[in-house]
Structures are given as structure tokens and as C-alpha cells.
J.: 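My questions all concern the structure below.
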2 protein chains.
Amino acid sequence: MESRPLRYFVAVAQELNFARAAERLGIASPPLSRAIRKLEAELGVTLFERTTHSVALTPAGEVLLTEARIALDALDAAGRRARRAADPEPKLVLAVKADADAGLLDPILAGYAADPASRPVSLRLCGWGEHTRLLREGHADAALLYEPFDHTGLDAETVTTERRVAALSAAHPLARRDSLSLADVTSGPPGEVDQFVDEVAARHRVRDLPQLLKLVELGDLVTLLPESVPARYPRPGIAYRPVPDAPPAVLAVAWPQQSRSTATAALVRAATSLRGA
Amino acid sequence: MESRPLRYFVAVAQELNFARAAERLGIASPPLSRAIRKLEAELGVTLFERTTHSVALTPAGEVLLTEARIALDALDAAGRRARRAADPEPKLVLAVKADADAGLLDPILAGYAADPASRPVSLRLCGWGEHTRLLREGHADAALLYEPFDHTGLDAETVTTERRVAALSAAHPLARRDSLSLADVTSGPPGEVDQFVDEVAARHRVRDLPQLLKLVELGDLVTLLPESVPARYPRPGIAYRPVPDAPPAVLAVAWPQQSRSTATAALVRAATSLRGA
DNA sequence: AGATTTTACGGGCGTCGTAACGATT
DNA sequence: AATCGTTACGACGCCCGTAAAATCT
């Protein structure tokens, strides 16, 4: 199994259209069509159900898509990590989303710097759910992120857990109460709080916390945040109210499972050693 | 990054000899030499320190070797899993080493068969430490195996924990005692028991339990075994003695981390539901 | 009729193999 | 002298691109 046909396959599977996929790959349609047929022949499996005006994945194709993404990520990561291993002054790259650190980034870095195995740290700021991709593709050595996330190929340790607060407009009727319950906020089935939080952000096309808070201030939405946020983002127009029955927010440090780096291990030590504090 | 040069690289890194690696790959030396140079150029990194009569990996090469193995395994696994996904009557392949099941294989299979999500099971018997390779390369859907093992790319749950017993010749002086301590048996630093067990087997080139017991009977060695063994392998010439201070043997069920198969999930349920019993 | 995938054909680039060279033990 | 990695060179094959055909909406 070669990697190039697999890249072609992923492109087609994403576009579900040979012409567009070919364009994205920078080749013409015919070679692409043949490459896919050859791949199907090699595997002895039909990957796409094609009619002239529609392309759909077969069950085998679905499986290959998820597996192929993993394999191709690993391939990219291999090259990138080898390159970085040749760096005479290797930096430790830590992926963090702005403000998604429970205020612990500085103490973690301070504790890390004191470790003899530590290295200079390069922060890689990233957005929603990018952490895991950066780790899997070899762009980052470690990441600081909130659960839940896809643990595939990663190891992780909990850094801290926080209670949640609801953020709502100061003018909102619920703001008059001192404390809220989960049902007041999510209005959905319980136990899906993490999904709820992600969906709120995704639905409004919000990419960072200040934007989200702006929408809250305008009364457009109510959301749940870790309790470390209010102290760092006081807003006159926003009321933060505890939600005692909401499950806690879990901040974790994650790293590629196969990592054998002592520098990464030291960072994990530094991050987890704050749990007691 | 293409997969073929990476396969070539792994071959050279394993053989540390271009000629032998080329032979193993079924090509001549020159193309291999050029492929490696090209790969080094692409990465901008030196992978081997070559003098005419010695080839050694650079640090970057070491990193690439471990990463490349993972990526190539994932690539193979992708093809194999896609093939198997096209099977209209898919079987669940369970990797087990003979006698390394704490006697739980039958109950697990029985419980599994009762699950509506279950499928016909095909047992894949394997040897020392092969389980993880079978999982990673897509040959097996799940494995039943003792800790410790390399968890990279795998998820696992504990099935059961067992106390350990020492197996020694009935004629051995220690056999007169009712109970032994760890120090009597390992004679090495403590806390390395799992390593000790593996090494005993590796050192004597033993591939299965009956062979190992034969050596024990002859008085050639003393080893630690899970306490489920004596009942299934009574031997007049062998004394089994409890070792209370030995850490327990942990039997686990493992599966590829990215698995979304309900059939695999059902097997895991069946295996872990025996914990209480 | 329009859009899309697939077959047909010709050209180029990559990779391979044989042969010769250089270097080290 | 022998062994091993590398360079040189000629050839084969795979993959690509353009053009045309087939098929479904």
C-alpha cells in the first residue's frame, strides 16, 4: 500500500467529486480516476458507489477514510518529528488555545523552567479543537486543552478540574438568581454538557473567548464556562453565576503517545504537579 | 513524504547495511542508496552516519525509525481493515496467546455470544508480544494479554488481576517452604517483576508454557506465573508456591484506539463484566 | 443538453539495474 | 585484497495530461 493513492482517495472521499478532488490535488481527473480504480483492485474492495452524477462512500470506504487519515497524519508527523529531532537547540512546542488554560499556563511554564530536563518553550496558539491535530501531525510536543477531545494516538493527564459558571447577560431574568441549575442553561438532555458548550461556540461561528463574551453581553446566548474565566474577564454587562450541578471542566495536558522525550515528560510533570495546589 | 522511501529507510535502519537491506527489499543497492539520500534531502536531515564499513543512525534517524514504524503499521492496517470491512459476514478476530487467558477465555466468549452486537469469533493464536503488532497492523480486532505491553495506539481495560505464584522444581530447596518472597525468586532489583518474567522466557528461547514448565521441572529455572496456571498445569515435578509480595499479574483486553466497532465494544463489555465475578 | 466519470493515447519523469569507481579495513 | 557505499548511464515502467467517448440527470 503506497501513500499517494491513499492521499488521492482521501481527497475524493472528502469532496465526493472526482473533478474537484483532482483540482485540489493539482492533477487532472483521469489519473485520479485510474489511481482510485487501481487502489480498489489492490484492495479487492469497492470504495465508492459511483453513478455519473453522484459519488458515495461504501462501508469499506468509510473505514478506509478514517484509517487513511490516521496513517497519513502519522506519515506527516514522522517527517516533521525527524526534522525537529535534528535541531541542535530543540524547543518544546506547547499548543494552547488563548484563555483555555485555567490561568495555569504561567505557573506551569515557571515550574517547567525549573526542571533540569526542560527546554526553551515555544507557544503555539491554536483554535477550537486544533490541539489534537497539531499533536498528531508532529507540529507540537504537548498541548494544554479542555476535555473532551479525541484521545486517539495521544496520552493525557488531568491538570485541574474546575466548577462551571454560567455566563449570561446582566439583563437576563436568570441573572437575578445567585445560583443556577444545569437545566436552566442547557435546556437539553443532561449529561451532554461538553457537547453543549462546543455547539454553542460552533453555532455562532465564534473563534475566541472575547467574541463569545460579546455575544453573551448582547443577550444572544447563555453558555457555561470554567470558573477561572470571570476573574480574568470581568464584564459589567455580564453576570457569572455558579452552576453547582454542572459537571466540572477538566483541563488536561496531552502529548503524542509514542513520545519518549524527557523534555515533554518534564512538562507533564510540571503541569500535573499543580494538581495538589 | 511518500511511504516507499520510508520503507527503504526502515530496512536500512534495521540492517544497518545497505547491501543486506537492498536484498531484503528485492532491489539493488544503488537505487536504495539514492532513495535514502533523496529522503535526507527532502527532510533536510542526515539520517545515517556512514563510513564505508559502518552505518549508524543519527539521533534524527532514531526518531524517524520509531515514527516510521508507527506510520507504516498504520498504512498496512488501513488497507487490511478496509478489506475486512467489505466482508459481508465479518468475524471478530481475537488475538490470544495460548494459556495466557487466566482461564477466562471461555466465559468471555460465552458472555460475548449472548450480546446482540456479537459476531462469530475467530481466534488468532499468537506468541510472546505479538498481540500488539496484530492489533496495530489490522490483523486482529481485540486481544487478551497480560500487562505490561506497549499501549501505543491501543486502548485497554483490565479484565482481572491475579496473585502470582513461583514455579520451581519440586527438588528445589525453596520448595520446602510454604510461601516465598519476591527476593527469593528474582534476585534482582524489585519493581521490575514484569521485566523479569519476560526475560526468563526470552533468555531460554521458550515459546510456550509447557516448554517453560519442562525447564522448571528440570530445575533449570524458577519463574513467576499467574496463580491461574497451577490448576490448569498440575505437574508432579513442579512445586507452585505463593509469593505474597509479588505485584499481581494484570490480564487486559486491548483494541485499536480508533475502533468504532460495536462488535469489538461488545467483546470488551463481555470481558470486563467478569471483573466482579 | 449539461455535467461527470471513464477510456484511449502519447509523452515525461522517476526509479530501476548493470557496470565502474572510491574508500576503508 | 576484499567489502561496502556511491556515482554513471541506459532502459523500463508508472503516472500524468490532452482528447474523446460513455452515461446519467
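Lettering of chains follows the sequences in order, A, B, ..., and the numbering in each one begins at 1.
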J.: Could you check whether the side chain of B:His53 and the base of D:dT3 have a donor-acceptor pair of N or O atoms closer than 3.5 Å, going by distance alone?
T.: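 For B:His53, whose side chain was compared with the base of D:dT3, there is a donor-acceptor pair (under 3.5 Å).
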J.: Atom CG of A:Asn17 and atom P of C:dT4: how far apart are they, to the nearest Å?
T.: 6 Å
J.: Given D:dT6, is OP1 or OP2 found less than 4.0 Å from the side-chain N or O atoms of B:Arg50?
T.: yes
J.: Determine, for A:Glu137 against A:Arg124, whether the closest basic-nitrogen to carboxylate-oxygen distance falls under 4.0 angstrom.
T.: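 Salt bridge between A:Glu137 and A:Arg124, a charged N being under 4.0 Å from a carboxylate O: no.
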J.: How many whole angstroms separate atom CZ of B:Phe18 from atom P of D:dC4?
T.: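 Result: 13 Å.
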J.: Which residues within residues 26-44 of chain B lie with some heavy atom under 4.0 Å of an atom in DNA chain C?
T.: B:Gly26, B:Ile27, B:Ala28, B:Pro30, B:Pro31, B:Arg34, B:Lys38
J.: Would you mind checking if A:Asp141 and A:Arg81 are paired as a salt bridge, meaning a charged N to carboxylate O distance below 4.0 Å?
T.: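 Salt bridge flag = no for A:Asp141 with A:Arg81.
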J.: Counting only N and O atoms by type, is there a donor-acceptor contact under 3.5 Å from the side chain of B:Arg20 to the main-chain atoms of B:Phe18?
T.: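 Checked: no pair found.
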J.: Treating B:Arg136 as the side-chain partner and B:Thr152 as the backbone partner, does any N or O pair qualify as donor plus acceptor under 3.5 Å?
T.: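 Pair found, side chain donor or acceptor close to backbone of B:Thr152.
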J.: Between atom CZ in B:Arg4 and atom P in C:dC13, what is the gap in whole Å?
T.: 18 Å
J.: Would you say that A:Leu94 contacts A:Leu109 through its side chain, given a criterion of any heavy-atom pair below 4.5 Å between the two side chains?
T.: yes
J.: Rounded to whole Å, how long is the line connecting atom CD of A:Glu49 with atom P of C:dT5?
T.: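 Going from A:Glu49 (CD) to C:dT5 (P), I get 15 Å.
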J.: Keeping the roles fixed (side chain from A:Thr58, backbone from A:Leu47), state whether a donor-acceptor pair exists under 3.5 Å.
T.: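 Yes: the side chain of A:Thr58 pairs with the backbone of A:Leu47.
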J.: Do B:Arg269 and B:Asp115 have side-chain heavy atoms sitting under 4.5 Å apart?
T.: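 Counting from C-beta outward, B:Arg269 and B:Asp115 do come under 4.5 Å.
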J.: Send over the distance from B:Glu23 CD to D:dG5 P, rounded to a whole Å.
T.: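 Rounded to the whole Å, the gap is 12 Å.
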J.: With a 4.0 Å heavy-atom cut-off, tell me which residues in residues 54-63 of chain A come close to DNA chain D, sorted by residue number.
T.: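 Nucleic-acid contacts, sorted: none.
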J.: Give me the bend of the helix from C:dA1-D:dT25 to C:dT25-D:dA1, using the axes of the five pairs at each end, rounded to 10°.
T.: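 The value is 30°.
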J.: In whole Å, I'd like the distance from the CG atom of B:Leu25 to the P atom of C:dT15.
T.: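 Atom CG in B:Leu25 sits about 15 Å away from atom P in C:dT15.
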J.: Could you tell me if the side chain of B:Arg4 sits less than 4.5 Å from the side chain of B:Glu2, heavy atoms only?
T.: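 A side-chain contact is absent here, since even the closest heavy-atom pair is not under 4.5 Å.
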J.: Would you check if the side chain of A:Tyr8 reaches a backbone N or O of A:Ala22 as a donor-acceptor pair within less than 3.5 Å?
T.: no
J.: For B:Gln257 and A:His151, indicate whether the former's side chain and the latter's backbone hold a donor-acceptor pair under 3.5 Å.
T.: yes
J.: Find the distance B:Leu16:CG to D:dG5:C1' and express it as a whole number of Å.
T.: 14 Å
J.: Just call it for B:Tyr8: base, sugar-phosphate, or nothing, with non-hydrogen atoms closer than 4.0 Å on any strand.
T.: sugar-phosphate
J.: Are any non-hydrogen side-chain atoms of A:Arg83 and B:Leu64 less than 4.5 angstrom apart?
T.: no
J.: Pick base, sugar-phosphate or nothing for A:Arg20, based on heavy-atom distances below 4.0 Å to the nucleic acid.
T.: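 No contact.
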